[in-house]
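Quick note on labels: first sequence line is chain A, next is B, and so on, each numbered from 1. This one's a predicted model, so the numbers in the text were calculated from it and none came from an experiment.
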There are 2 protein chains.
Amino acid sequence: MGPPLRLTRAAAKARTRELLLAAAAQVFAEHGYAGASVDEIAAQAGYTIGALYSHFSGKDELFLTLFDLHAAGHLRDIEEIIRQCTGDPDFAALGDYLATLADNDSCRWALESEFRRHAMTRPELMARLAERRAAGQTAIAGLMPGRRPGTAQCAEDDAALVITQLEGLILQRRLNPASVPPGLFAEALRRFFPPPTWAGAAAL
Amino acid sequence: MGPPLRLTRAAAKARTRELLLAAAAQVFAEHGYAGASVDEIAAQAGYTIGALYSHFSGKDELFLTLFDLHAAGHLRDIEEIIRQCTGDPDFAALGDYLATLADNDSCRWALESEFRRHAMTRPELMARLAERRAAGQTAIAGLMPGRRPGTAQCAEDDAALVITQLEGLILQRRLNPASVPPGLFAEALRRFFPPPTWAGAAAL
DNA sequence: CTATTGACATAGCGCTCGCTATGTGGAGTA
DNA sequence: TACTCCACATAGCGAGCGCTATGTCAATAG
């Protein structure tokens with residue numbers, strides 16, 4: 001048969017699940033885990049709690065599902081940016097992109113803070129988050145140039161520095177956009193990726 | 001009269017207030033604002049909710065008091081570290097200090113995440129937090145050397161970068177101490193405070 | 001067309017919450 | 001010592017919570 005005019009049963013279910021997850025992200029971000037009510041999450045998605053409990057076993061599973069999705073995909077954007085810093089990067093454009101990344105998805109960074117707070121008090125969540133971040137850091141380390149040959153600095157350390165620098169800047173821009181203009185993102189990246197020829201000659 | 005053997009009435013009241021605030025910080029950090037119960041906060045301090053409500057108008061005032069105390073004092077430690085970076089700094093010692101700063105006060109950084117999440121959804125809190133941080137940043141900017149004369153980089157931008165770098169590293173160390181050894185803090189500081197004579201000669 | 005399934009709605013239970021009204025005992029004062 | 005006061009304890013109320021039991025109706029299969 002051709003494409004159905006209406007969504008098929010399974011497709012509709014998958015769509016409902018996505019809507020519930022998106023609504024949960026928004027409500028968890030705004031009120032925190034304990035402050036978020038399953039009624040509000042379901043209502044935000046356009047359903048009632050019956051729909052929610054037919055897709056998830058409860059509030060906790062909903063939160064943990066979001067946690068894993070977030071932990072898996074969080075460093076991907078940063079990795080992509082770092083990848084574009086190799087070769088002949090356009091730092092100004094990357095700075096603009098980072099600024100929009102910080103400005104959009106308003107609930108994303110609030111969720112990030114909520115996840116971190118949760119992870120700090122629940123060892124198994126901390127382990128999962130640390131593992132995902134370690135994988136992302138290693139991927140980024142593979143992209144970092146082995147510069148400053150005089151120092152014993154390794155690529156893993158460079159990656160940790162650039163990740164935390166960009167995350168810190170993003171969180172700061174969430175609090176006060178004026179204090180972190182796009183040019184500051186660009187400047188931060190420039191410091192980790194100096195012009196290849198000059199730096200090689202000037203070092204030591 | 002000499003110092004009283006037992007605490008005077010006002011001193012005991014002040015001590016109770018401090019105990020309540022410390023307990024509140026711990027419980028808010030562990031469970032978040034909505035998840036924290038005033039009963040647990042009072043019990044953690046060794047009192048009941050009667051004591052809590054005779055010192056604070058309610059849960060919200062308790063939280064806002066902590067918020068202001070935190071916002072006021074948060075960048076002081078970083079400012080002190082940056083001050084010690086001027087002159088002839090011992091980066092290794094400062095790195096050790098930053099590591100212990102991240103490791104101790106476990107509830108402090110969980111509270112930091114909770115405050116940020118709250119600020120992201122409440123404009124008046126965001127304004128207050130941004131104002132305090134701007135003041136701290138300006139103080140730190142006054143300590144930053146006006147290096148790299150070739151670039152249009154100003155001290156305020158340098159301060160924003162070093163603050164967000166250190167905060168990002170601290171938060172990362174909370175999640176995974178092994179990924180941020182004390183030496184990485186030291187390396188981060190070194191990059192913002194290069195040896196004075198060499199850098200001046202090597203620049204441009 | 002009929003039967004069946006299951007995605008989702010509805011109502012309500014038990015529990016905990018923030019907060020208040022009220023009680024009480026020891027520190028302060030003369 | 002006797003009176004006063006207030007820091008703190010205690011009991012309970014109304015509201016909202018997560019979750020479950022049950023109902024409903026449209027999409028599917030035969």
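Below 30°, between 30° and 60°, or above 60°: for B:Phe63 and B:Tyr33 the angle between ring planes is above 60°, a perpendicular geometry.
Computed from coordinates, the A:His31 NE2 to D:dG16 P distance equals 14 Å when rounded to whole Å. Rounded to an integer number of Å, the gap from CZ of B:Phe28 to C1' of C:dG18 is 12 Å. The CZ-P distance, from A:Phe56 to C:dC8, rounds to 11 Å in whole Å. Atom CD of B:Glu61 is separated from atom P of C:dG18 by 15 Å (rounded to the nearest Å). The separation between B:Leu62 atom CG and C:dG18 atom P is 11 Å, rounded to whole Å.
Residue contacts for B:Ala36: at a heavy-atom cut-off of 4.0 Å it reaches the sugar-phosphate backbone alone, with no base atom in range.
Between the side chain of A:Gln44 and the main chain of A:Val27, no donor-acceptor pair closer than 3.5 Å is present.
Along DNA chain C, the nucleotide closest to B:Tyr53 and the one closest to B:Ala10 are compared, and the more 5′ of them pairs with B:Tyr53.
Comment: B:Glu167 engages B:Arg133 in a salt bridge, judged by a side-chain N to carboxylate O separation of less than 4.0 angstrom.
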Return a single string for nucleotides 1-15 of chain D, one symbol per nucleotide in 5' to 3' order, where B is base contact, S is sugar-phosphate-only contact and - is none, cutoff 4.0 angstrom on heavy atoms. -----BSBBBB----
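Note on residues 95-107 of chain A: pairs passing side chain to side chain donor-acceptor pair (under 3.5 Å), not counting sequence neighbours, are A:Asp103-A:Arg173.
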Before giving the answer on side-chain contact (heavy atoms from CB on, under 4.5 Å), spell out for A:Arg117 and B:Arg117 the whole-Å C-alpha distance, their side-chain angles and the decisive distance to 0.1 Å. CA-CA 10 Å; A:Arg117 193 190 56 71; B:Arg117 193 190 57 72; 5.7 Å; no
Going through the checks in order, is the side-chain contact (heavy atoms from CB on, under 4.5 Å) test met by B:Gln26 and B:Glu30? CA-CA 6 Å; B:Gln26 212 168 319; B:Glu30 187 171 354; 5.6 Å; no
